[in-house]
Amino acid sequence: MPEGTYLFPDGFLWGSATASHQVEGNNKNNNWYAWETQQGKIYQDQKAGLACDWWGGKWKDDFDRASATGQNAHRLSIEWSRIQPEQSRWDESALETYRSMLRGLIDRNMTPMVTLHHFTDPLWIMEKGGWENEEIVSLFETYIIKVVEALKEYVTLWVTINEPNVYTHGGYLGGEFPPGKNDLKAAFFVMRNMLKGHAAAYHAIKKIQPQARVGLAHHYRGFEPAKPNFAPDKWMASFLSRNFNDSFAIGAANGKFNFAMRKEYIPQAINTQDFIGLNYYTREYITFKPFATKSMFYQGKYDPKSPLSETGFIALEPKGFYQALKWCKAFNKPIIITENGVEDSKNMIRTRYLYEHLHQMWRAINYTWPIKGYFHWSLVDNFEWERGWSQRFGLWGLDVETQTRLHRPAVDAYADLCKTNGISSESVKKYAPEIFDLLFPE
Ligand code: IFM
């Protein structure tokens with residue numbers, strides 16, 4: 001049996017990622033809280049509730065666990081509705097709580113990465129039309145300035161907005177996110193205002209902190225033609241990829257925003273990413289369906305040969321991760337994996353998913369692609385939006401009732417990866433023997 005270690009570069013960031021509404025608990029002043037109180041919006045009408053009780057202080061034990069298992073970084077997000085509960089009121093004590101959390105990371109020798117917008121908006125913002133209303137751009141900028149001034153002592157790595165494409169598709173096309181609309185025109189304006197908001201945030205942060213590294217967390221989903229040589233499938237897959245994957249990222253590169261068959265030139269967005277943040281989970285295969293008006297003329301399916309996650313939400317497609325990294329590389333910027341993971345309460349697939357994806361990342365690094373860090377989604381099970389608590393992405397499990405953390409097998413595999421700064425044959429043999437030959441062939 002071959003023995004060896006696929007090593008990662010020195011100084012590589014190994015962490016996990018979380019988001020305010022999903023872990024803090026008791027967020028009662030944002031659009032998701034309001035959404036959760038409506039019947040039929042969330043799986044079994046579940047609620048974020050206390051979530052992982054970070055606002056009550058449980059972040060300390062979770063950070064202890066992360067640090068003890070070799071993680072040297074953590075990505076968390078700031079809840080706008082806590083910092084600015086009303087347009088005319090700032091909550092300094094909320095900022096102080098975030099300062100404690102960030103100090104907590106620094107004290108544990110962990111690099112903080114801070115996301116400034118992760119799906120949730122204050123209720124007062126939604127009353128003004130949310131991201132449909134261009135006024136949000138300057139309101140967002142004001143919030144950014146307030147937060148960055150308060151946290152700059154601890155943070156230089158910033159994500160302005162998490163997954164603007166998912167936010168827009170969920171809220172304005174699919175309807176599963178608040179405000180539950182299905183309106184192509186509104187979707188265009190939401191994305192376009194998010195791009196303007198991102199650009200304003202980028203420039204504001206760089207003004208306050210010139211050494212900051214600022215980017216976005218892009219959700220990249222692989223779209224492959226179901227029949228690789230059939231032109232309509234190829235065209236549809238590439239159309240979906242251009243709209244879902246490319247539009248925002250290209251807008252933030254050259255200012256040319258092109259989404260939902262509309263275009264706008266946004267010059268202030270040119271070159272507003274110091275790194276490309278990538279959230280990758282899976283890829284799907286697309287069939288063109290000329291008569292499927294309701295599903296936008298296509299059907300997407302997972303490869304029947306790819307193992308599925310517990311609820312079938314994610315297919316194991318590590319080569320799609322490699323493709324996603326290739327997509328990132330084209331922007332000629334450092335790359336940080338801001339999210340990657342799988343829902344799996346029964347530990348059927350997570351360890352394998354982890355190794356296979358990190359092996360693809362290692363391959364890419366060996367082609368000298370500038371990948372600087374990896375944040376696993378997630379540190380601990382947390383509230384999964386419209387899917388409620390039905391999906392468990394944590395390295396650690398969570399008993400929501402008792403707040404007890406559950407040590408999952410992937411914790412040890414990830415700890416070994418972080419501490420070795422590599423994928424060793426020993427660890428694969430120990431934690432995922434079923435894929436040993438795949439990763440270490442003779
Ligand atoms: O939980 C989410 C996260 O908030 C954004 N990216 C995908 C994750 C898994 O669904």
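Every number for a ligand or one of its atoms is a count from 1 in the order of the listing. Because only heavy atoms are used, hydrogens play no part in the values below, and waters and symmetry mates are left out as well, while side chains stay in. A quick note: this is a predicted structure, and the numbers were derived from the prediction, not measured.
The aromatic rings of F244 and H219 lie perpendicular to each other, with more than 60° between the two planes, well past the 30° mark.
More than 12 heavy atoms of other residues, nucleotides or ligands lie within 6.0 Å of NZ in K47, so this atom counts as buried by the packing criterion. E434 CD: more than 12 foreign heavy atoms inside a 6.0 Å radius.
At under 3.5 Å, a nitrogen or oxygen of Q22, whether backbone or side chain, sits near a nitrogen or oxygen of ligand 1. Among the atoms of E339, some N or O lies under 3.5 angstrom from an N or O of ligand 1.
For atom 2 (C) of ligand 1, the choice among E384, E163, H21, R387 with the nearest heavy atom turns out to be E384. Of the candidates H118, Q391, H219, it is H118 that places a heavy atom closest to atom 3 (C) of ligand 1.
Contacts with ligand 1 closer than 4.0 Å are made by no heavy atom of E343, backbone or side chain.
Remark: minimum distance from atom 8 (C) of ligand 1 to any protein heavy atom is reached at Y281 OH, 3.4 Å.
Using a cut-off of 4.0 Å between Lys/Arg side-chain N and Asp/Glu carboxylate O, R387 and E384 are scored as salt-bridged. The existence of a salt bridge linking K41 and E176 is excluded, since no basic side-chain nitrogen approaches an acidic carboxylate oxygen closer than 4.0 Å.
With contacts defined as side-chain heavy-atom distances shorter than 4.5 Å, the pair Y281/R221 does not qualify.
Contact atoms of ligand 1 toward W385: 1 (O), 2 (C), 3 (C), 4 (O) (distance under 4.0 Å to a heavy atom of the residue).
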